[in-house]
Each structure stands twice: as structure tokens, then as C-alpha cells.
2 protein chains.
Amino acid sequence: MENKVLKGKPVADKLTEKIISEIEDIFGNTGKRPTLAMVRVGNREDDLSYQRAASNRCKKCGIDAVVVELDEKCSMDEYIDSLEKLNGDTSVTAILCFRPLPKGLDEDVIKNIISPEKDVDCFSPINLAKLFSGEKDGFVPCTPMGVVEILDFYGIDVEGKNVVVIGRSMVVGKPLSIMLTNRNATVTICHSKSKNLSEICSKSDILISCIGAGRFVKKEFVREGAIVIDVGINFDEDGNMMGDVDYDEVLEQSGGITPVPGGVGAVTTSILASQVLKAFKNTL
Amino acid sequence: MENKVLKGKPVADKLTEKIISEIEDIFGNTGKRPTLAMVRVGNREDDLSYQRAASNRCKKCGIDAVVVELDEKCSMDEYIDSLEKLNGDTSVTAILCFRPLPKGLDEDVIKNIISPEKDVDCFSPINLAKLFSGEKDGFVPCTPMGVVEILDFYGIDVEGKNVVVIGRSMVVGKPLSIMLTNRNATVTICHSKSKNLSEICSKSDILISCIGAGRFVKKEFVREGAIVIDVGINFDEDGNMMGDVDYDEVLEQSGGITPVPGGVGAVTTSILASQVLKAFKNTL
């Protein structure tokens, strides 16, 4: 049973090892290291914990990480000013803007300001359009890329497979559906308005849930032997973390399943680091 | 049987009528009319015939249409120069670049130059990203929008329906899949690498083909009563036009089917005119 569990850690470890080695090589040749700048507004717990994880991963990889902290009441002008400074700063390789931004800041304006060449989490419409058209020289959002890395690591080929994605958010569901379509999967995008959801899901070879509803995906959603990728991070009343999938119920019949925690979430910061490296290589 | 045939003409006529009336109203109030500039390189028969159809539709709608003709050997600099003039010309409301461009012209560069505010056929990545994220203030490609208009006109609600799209091109399949997902359909995107294609298609409530393979979609692809939208334009050896769907074979069991010619293709120029009107209203 244990070998069915598609853990994120070995995926992250392998990626990290590769990044370390490439960055050391470049440092040996050029004396340069990449720098990631993270822009945080206020002190949301989510942002702080991701910032800690990203900083640690960067450190491990040989990437310098700096944080630009803005007051939660910061104005559009202040935010844009900070972002433009980072765009223009040649010592900054990559920029990550923590989102969602507080209400006073207009994401639809700001996303057009971040330099697409430094935009390692696909905030800019330029990178989004590249993802959509399958151009490989842009940056994709880290979480869906983590799903793709997990599938690759465990040798799960998506070509010609029926993949069902539950969820159509701009951070996971939609980009992931297009990324898997570009990789020759036959993708069905489901969401809250889908009818006969469990029946549609039960026809899939690979089922991916990113809706943010705790233990929503039950036994009847999963065909015997299907791969289940759980992108959800949810908490019960006691603060216990759980995924979108009812893991205990689904484990036995699945052909492989990512746990929560320890699955997709464990890979995200390594993807971030790999995209910082990509941006870095483009500047050399 | 006749009432199963989802013809494009009544859809186009209704749209055209609405556009005429809005443009006349605006002309009455402001003395202004919109202008569409079409940029054509060389003399491809496809481009010329679409240009004629678009010019006629514009004339009917009260839109001025001008054509910028460039030599088929024109350089990047010449093309970009022409495009930038149109961007900057306040008498030009909207720009349509005939595509595909000849080999010497780099679409990936040019698409970033066209002004997103004038880009009525969704060439710019800015409009593509807006389509992807469901923002309604951009421009979508005309052909998939034509499909949506036909469904609306004939009262075919897509919400919660299982829609299968065969084809993943950037001009039809991918944008259409996202547009229908945004409208709450459950969309499956199939393509040349999909397995059990006819079986997947036969489960759909609405089947849309845009692969460009003559009479590819046969009886066994179509569930009894399903709506069939045929976006394909193909020619047999004798030069006869036919769709992707084997119309004669599928007609009886379908719940409604678009003919080729006279279906989706008949709506495209009206969509173009409606997007010119949208761009025009944004300038008032």
C-alpha cells in the first residue's frame, strides 16, 4: 500500500539537487547568484508561512531571497513604485508578489506592471498567454507545475489519458488543464456547475482535485487503479489539515495518490526555485 | 428535419441589425463612425475572400473598412511600421491582421505590437489572457465567439452540459473550451492524441468539431439528440466544401446541427463587426 503514496518530498529533493548543481556551476563560471524578491503586503499567516518555506528553499539552492514588506494600508502608488524598482534593479532576478492582494490594490493593474522576464509565478498576462499557447519560454504558476513534476517523477505519462480536473481557478485548475492538454492528455474541466460529477470523475485515468473542499472526493469518484492528485489544502474545525480527497476512503482503490500534507504542497517551493533559475539563465 | 438545421444566417442577420441600430444611434449623437483597418500581406485567396466578406459586412453595418496591403516580401520593419501607424491613428477604431503571416514575419513579435484596445480578433496576448481569466473587457477570437452566438441564438444553454471540443488550436479549440468553461459548461478538449475519441464524443450533450478533417465525425460520435456544431471548412478533390462532420450521416440522430457552408462560417464577419462596435464604444 505504501508504494501507492505519491509523496512530494522525493520530487522536491531531486529538483533541489539539480538546481543546486546548476547554480554552483554558474557561480563557478561567473561569480553570480540569482536573487528572488518577494513582495508582501501586511502579515497574512498564509503569506508568512509560504515566505518562510520559499526563503529556506532558496537558501538551500544557493538563491538569495529578499522580502519587500509593505504596510497593509499601502497605496497603489506605493505598491507600483516598489514593483517598478524591482523591475529595474539588475541585482533582482525574479519577483514573487504574494496574492491575493488586499482590497485597495488593483491586481488587474498591477499584473501588467511586473516585468514578464522576472515574473516567476505567472502573474503577468504575457506569461499567462504563453502558457495558453504552449510557448515554453514563459513562466507558469508554481502549483500546477508541481502537479506536472509529480506525474513526471513517478513515471505517469499523461499522453492520450483521460484526465479530469475538478476546479477552474486561475491559479490551478485552468492553467493545469491547458498544460496537460499541451502534453497530449484528454482533459475534462469540472467545477461547481458540473452535473453527474462523480460519474464523470469515475471515468478518468487521472483525477486531479483543486476545489478547496475538505474530503469532497469520495470512493465513487475514483475508478479502480486511477491516479489521484490532491491539490486541496483545507482545515477542519480543530485546525487539522486535509485535502480535497477523502484519503482513507480512496487509498485502497486508487493506483496512486498524493497525500495532504506531504504531496503537491511539498513540491511548490522547489518549482519556484527552478523558475528563478530559469529567469537567471535568461540573463546570462 | 429542417428545423434541426442550425443555420448561421438568421444569427448573423439579428446581430447585424443590432449593430446597425447602435452605430446609427451613435452617429446621430456624435457624427462619428467606426473604422476597421485590415492588414494583408500578399494575395492569399483565403485572405482576399475573407476581406471581401468583412468589407461587405462592415459596409452594411455602417463601419468604414480600409485595407493596408503589403507586399508578400515585406520586412518585419515595414510590417511593424504599418501596424504602429494604425495603432497611433485616432481615425482607426480597430485592426485586423490577416494570419497566418508569411514566414519572414515573426508573429510572436508582432502580436505584442498591435494595440490591445484595437485588436478585434484577439491577436494580442493581453486579450488572450483576458479571455483565459474570463475578463469581459477584452476581445475574443471571432470564430469561437460565433459558436457561442449560435448556441445563444438557438436557445441552447451550456450550463452544466457536457461539451466535447475536438481540436485544440489557438484560433478555435482552446479559446472556445475556455469560453464555454467560463459559461459553466463541463468541457472536454479532445485532439489527435485522444484515445477512444468516438466513445468520448458519444457521451456529450454538445459536440463541437474544429479539427479541419473532412467528414471525420461519423454517426457513432453522436449521441441521439446531441447538438453538433461543425467549425471545419474542408474541400474534397473536386473543390466541394465540406465540414468536419459527415452531415448526411449525422443529421437524423442529432438534436440540431450546423451545416457547412451556411453555419458557423456565416456568423464570423458579424462577430467581427460587433467587436469593432465594442472597440468604438470604448473610445467614446
Side-chain angles (χ1 to χ4, degrees), chain A residues 107-109 111-112 116 119 122-138 141 157-171 173-175 177-197 199-201 203-205, chain B residues 107-109 111-112 116 119 122-138 141 157-171 173-175 177-197 199-201 203-205:
Chain A
E107 278 197 22
D108 286 340
V109 172
K111 71 185 178 188
N112 286 298
D119 170 37
C122 197
F123 188 16
S124 160
I126 299 295
N127 283 315
L128 199 59
K130 285 186 186 213
L131 182 162
F132 197 29
S133 48
E135 293 167 61
K136 292 195 197 313
D137 63 337
D157 186 11
V158 301
E159 177 156 327
K161 297 276 175 62
N162 293 321
V163 178
V164 171
V165 175
I166 321 179
R168 54 176 164 174
S169 76
M170 282 307 292
V171 280
K174 272 194 217 168
S177 298
I178 294 296
M179 288 160 75
L180 294 171
T181 299
N182 292 344
R183 287 171 166 247
N184 296 330
T186 301
V187 178
T188 302
I189 316 172
C190 296
H191 43 76
S192 56
K193 305 285 181 180
S194 292
K195 286 172 188 162
N196 307 321
L197 186 59
E199 195 196 325
I200 294 171
C201 291
K203 300 285 193 308
S204 65
D205 302 311
Chain B
E107 278 197 22
D108 286 341
V109 172
K111 70 186 180 188
N112 286 297
D119 170 37
C122 197
F123 189 16
S124 160
I126 299 294
N127 284 315
L128 200 59
K130 286 187 182 207
L131 183 162
F132 198 29
S133 49
E135 293 167 60
K136 292 194 197 315
D137 63 337
D157 187 11
V158 302
E159 177 156 326
K161 298 275 174 64
N162 293 322
V163 177
V164 171
V165 175
I166 320 178
R168 55 177 163 173
S169 76
M170 282 307 292
V171 279
K174 272 193 217 167
S177 299
I178 294 295
M179 288 160 76
L180 294 172
T181 299
N182 292 345
R183 286 170 167 248
N184 297 329
T186 303
V187 178
T188 302
I189 316 174
C190 295
H191 44 76
S192 56
K193 305 285 183 183
S194 292
K195 286 172 189 162
N196 307 320
L197 186 58
E199 195 195 324
I200 294 171
C201 292
K203 301 285 195 307
S204 64
D205 302 310

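Keep in mind that the numbers below use all heavy atoms, side chains included, and drop hydrogens, waters and symmetry copies. Note on naming: letters A, B, ... go to the chains in the order of the sequence lines (proteins, then strands), and numbering restarts at 1 for each one.
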Checklist entry - Does some side-chain heavy atom of B:Val187 sit less than 4.5 Å from a side-chain heavy atom of A:His191? => result no
Checklist outcome for this item: Looking only at B:Lys193, B:Lys195, B:Lys130, the option with the highest number of non-hydrogen pairs under 4.5 Å against chain A is B:Lys193
Item to check | Residue B:Asn127 versus chain A: region with a heavy atom under 4.5 Å | outcome: neither
Checklist entry - Would a 4.5 Å heavy-atom cut-off, applied to side chains only, mark A:Asn162 and B:Ile200 as touching? => result yes
Checklist outcome for this item: Counting heavy-atom pairs under 4.5 angstrom with chain A, the leader among B:Asn184, B:Ile178, B:Leu128 is B:Asn184
Next on the checklist: With heavy-atom distances below 4.5 Å as the criterion, would you say the side chains of B:Asn196 and A:Thr186 are in contact?
Outcome noted: no
Checklist entry - Hey, which of A:Glu159, A:Lys203, A:Lys161 has the most heavy atom pairs under 4.5 Å with chain B? => result A:Glu159
Item to check | Option in B:Asn182, B:Val164, B:Thr188, B:Leu131 with maximal non-hydrogen atom pairs under 4.5 Å from chain A | outcome: B:Thr188
Checklist outcome for this item: Rounded to the nearest 0.5 angstrom, the NZ-OG distance for B:Lys174 and A:Ser177 is 12.0 Å
Next on the checklist: Is B:Lys111 close to chain A through its backbone or its side chain, or both, or neither, when contacts mean heavy atoms under 4.5 Å?
Outcome noted: side chain
